[in-house]
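First up is the structure itself, then whatever we jot down about it.
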Amino acid sequence: MNRLRARLSTLSAPATGFVSQPEPRTIGSFARGRQISAGNFLFAGYLVEAPDTAIWDLPMPDLAFEQELHGFTWVDDLAAVGDGAANLRQRTWTHAWIARFGKGTGPGWTPDLTGRRLIRWIHHAVVLLNGQDKTTSEAFFRSLAQQTSFLAHRWSAASPGLARFEALTGLIYAGIALTGMERHIAPAIKALGRECAGQIDEQGGIPTRNPEELMEVFTLLSWVAAALRETGRAPGAAHLAAMERIAPSLRALRHNDGGLARFHGGGRGAEGRLDQALAASEVKGAKRAGLAMGFARLSHGRTTLIVDAAAPPVREASAHGHASTLAFELTSGRRPLIVNCGSGRTFGEKWRRAGRATPSHSTVALEGYSSSRLGVAGLISGQNAELLVDAPRDVRIEMRDSDLSSGLIAGHDGYLGTHGLTHVRQLYLSFDGRGVQGEDVLATVEKSDERQFNRALDQSDLKGIPFKVRFHLHPDVDAELDMGGAAVSMALKSGEIWVFRHSGDARLSLEPSVYLERGRLAPRATKQIVLSAIALDLATRVSWTLAKAQDTPDTIRDLERDDPASEA
């Protein structure tokens with residue numbers, strides 16, 4: 001249907017120029033732009049080195065690679081470079097797309113990619129049309145009109161969520177900017193309002209529970225609001241209300257280093273992207289109190305700790321969800337310390353599935369099991385495969401304060417059906433931000449749980465249920481076993497030293513791990529702290545601490561630069 005509508009759109013009346021043009025708001029990467037100018041094309045985890053090849057003549061290693069090209073976000077990167085060679089590539093490759101794909105062919109004719117492409121063409125039109133003859137300029141505007149017509153008929157075919165927001169943003173942008181396209185603005189504004197009301201919940205979250213995706217949705221809503229105001233139009237009430245709900249949640253999901261918590265397929269976000277979006281939105285207010293999109297935040301001093309305190313995404317939104325319930329990330333100042341492995345989507349199917357499973361997160365996992373029906377984690381955990389158990393359905397959390405710290409106690413039932421066990425985690429962050437106390441308990445709650453646990457114990461020949469508590473470290477952390485193997489010392493690039501200790505019968509080890517980061521060719525090697533234990537009783541407890549042992553002058557100087565978006 002998309003292809004048919006794309007071809008039919010070529011019959012639409014052409015636009016003849018711009019009525020108005022929204023200010024360029026997309027932020028590109030200078031380094032990435034230089035790479036593209038040099039002929040190094042890194043998209044969707046694939047690197048194609050072709051310095052003398054036009055972008056549409058590249059060998060396409062994967063459909064995802066090709067789709068990224070058709071979304072035209074690389075124009076932002078070339079614009080960030082802004083020299084003559086980069087600008088020439090923008091123009092040449094854009095007009096080549098019109099000649100090759102403008103009649104409704106190719107993988108770029110989907111609502112989300114079309115919306116994404118229209119935004120970039122309108123933002124960078126001054127450069128794209130600079131020095132072009134009348135025929136080329138007319139073809140450019142004709143293509144804009146065709147793509148606008150396509151979106152007007154097919155935006156609803158985009159998947160609910162980010163893809164649909166991209167499609168509607170592109171449609172509104174085109175309606176505002178292009179001659180003869182104003183008729184599309186009012187219906188698109190109404191449709192955007194309906195999406196805001198249906199997709200943004202009371203916590204300011206989206207169904208995927210992906211913090212980076214939430215930031216992208218918020219950014220699009222901010223762009224539309226600004227573009228409408230610049231032309232004397234008012235954004236819809238549902239649109240503005242959604243922004244008011246999202247902004248406090250994004251502030252809660254932001255570590256002190258400016259990056260987002262990496263959960264459910266999301267990354268940290270491009271450098272400065274979140275701060276820019278929050279500042280440009282003009283939505284003031286503090287971080288959300290309580291849960292933000294199902295995440296809890298503890299923050300004192302220079303330390304932020306963000307916990308996934310809700311069930312994984314369900315139904316359509318679960319495609320990229322992770323089995324990360326009760327996992328946490330911790331950042332000290334501008335240095336990530338405890339992380340999750342992240343999304344392996346750009347490194348192939350095996351890594352994608354591995355990144356989604358429980359052992360890829362800083363939480364408890366029963367040996368050989370993942371607390372959700374999400375996939376294998378053998379590449380990370382060292383096991384051949386991860387058996388699947390029911391996703392947590394009952395996740396409970398209670399915030400707690402003491403005279404010295406603030407914290408939480410939370411639990412989930414992901415292992416209840418197979419083992420009769422509930423995972424309960426307590427986390428407390430001291431008010432000076434220098435210490436974390438944690439405790440993980442696997443316990444039966446009801447009599448029926450005891451019977452299920454005894455059955456699982458019998459199946460193990462009474463050897464017990466092995467489990468591990470994992471703490472994945474950021475690759476920049478230099479970690480080593482200390483005190484005869486009784487503690488782990490962790491040195492941050494800032495000079496800070498943190499020490500991990502534990503009590504109880506668990507065995508402490510420092511093992512290999514990976515950090516899965518979009519924009520790189522391969523996973524980064526790192527380490528993980530692992531506490532290995534066996535559940536033999538109706539309640540098994542593992543206690544641990546993280547404490548800052550040393551500051552440096554560099555750490556103190558960083559303090560004034562922390563949290564630049566706190567007032568945004």
Using the side-chain hydrogen bond (donor to acceptor under 3.5 Å, both in side chains) definition, which of the options H472, E329, H322 pairs with H361?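 With H361 as partner, H472, E329, H322 yield a single side-chain hydrogen bond (donor to acceptor under 3.5 Å, both in side chains), made by H322.
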Spacing of L63 atom CG and E68 atom CD [to the nearest 0.5 Å]: 11.0 Å
Parallel, tilted or perpendicular: which one describes the rings of F295 and F263, with boundaries at 30° and 60°? tilted
So with a 6.0 Å cut-off around CZ of R34, is the heavy-atom count from everything else above 12?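 Result for CZ/R34: open.
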Q132 atom CD, neighbour heavy-atom count above 12 within 6.0 Å: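 Above 12, so yes.
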Between R254 and L260, is there a donor-acceptor pair closer than 3.5 Å when you use the side chain of the first and the backbone of the second?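 Between the backbone of L260 and the side chain of R254 there is no qualifying donor-acceptor contact (under 3.5 Å).
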Closer than 4.0 angstrom, basic N to acidic O: yes or no for [X] and [Y]?
| X | Y | result |
| --- | --- | --- |
| R268 | E212 | no |
| D76 | R120 | yes |
| R209 | D308 | yes |

Please determine whether side chain to side chain donor-acceptor pair (under 3.5 Å) holds for the pair S249 and R288, giving the CA-CA distance in whole Å, both sets of side-chain angles, and the decisive distance to 0.1 Å. CA-CA 5 Å; S249 289; R288 181 175 295 279; 2.8 Å; yes
Apply side chain to side chain donor-acceptor pair (under 3.5 Å) to the pair T94 and Q90, showing each step before the final yes or no. CA-CA 6 Å; T94 297; Q90 290 184 59; over 6 Å; no
How would you list, by chain and number, every residue that makes a ring pair (Phe, Tyr, Trp, His ring centres under 6.0 Å) with W93, sequence neighbours excluded?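 Ring pair (Phe, Tyr, Trp, His ring centres under 6.0 Å) list for W93, sorted by chain: F41, W74.
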Quick one: is the NZ or CZ of R117 closer than 6.0 Å to the six-membered ring centre of W109, and within 45° of its axis? yes
Does the pair L274 and F218 meet the rule for a side chain to side chain contact (heavy atoms under 4.5 Å, CB included), with working shown? CA-CA 9 Å; L274 176 57; F218 181 76; 5.9 Å; no
Would you indicate whether the side-chain heavy atoms of M181 and Y173 approach each other to under 4.5 Å?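 Not in contact.
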D133 and T136: CA distance, side-chain angles, deciding distance, side chain to side chain donor-acceptor pair (under 3.5 Å) verdict: CA-CA 6 Å; D133 58 30; T136 303; 2.8 Å; yes
Show the atom names and distances, to 0.1 Å, of all donor-acceptor pairs under 3.5 Å that link a side chain in residues 42-55 to residues at least two apart or in another chain.
none

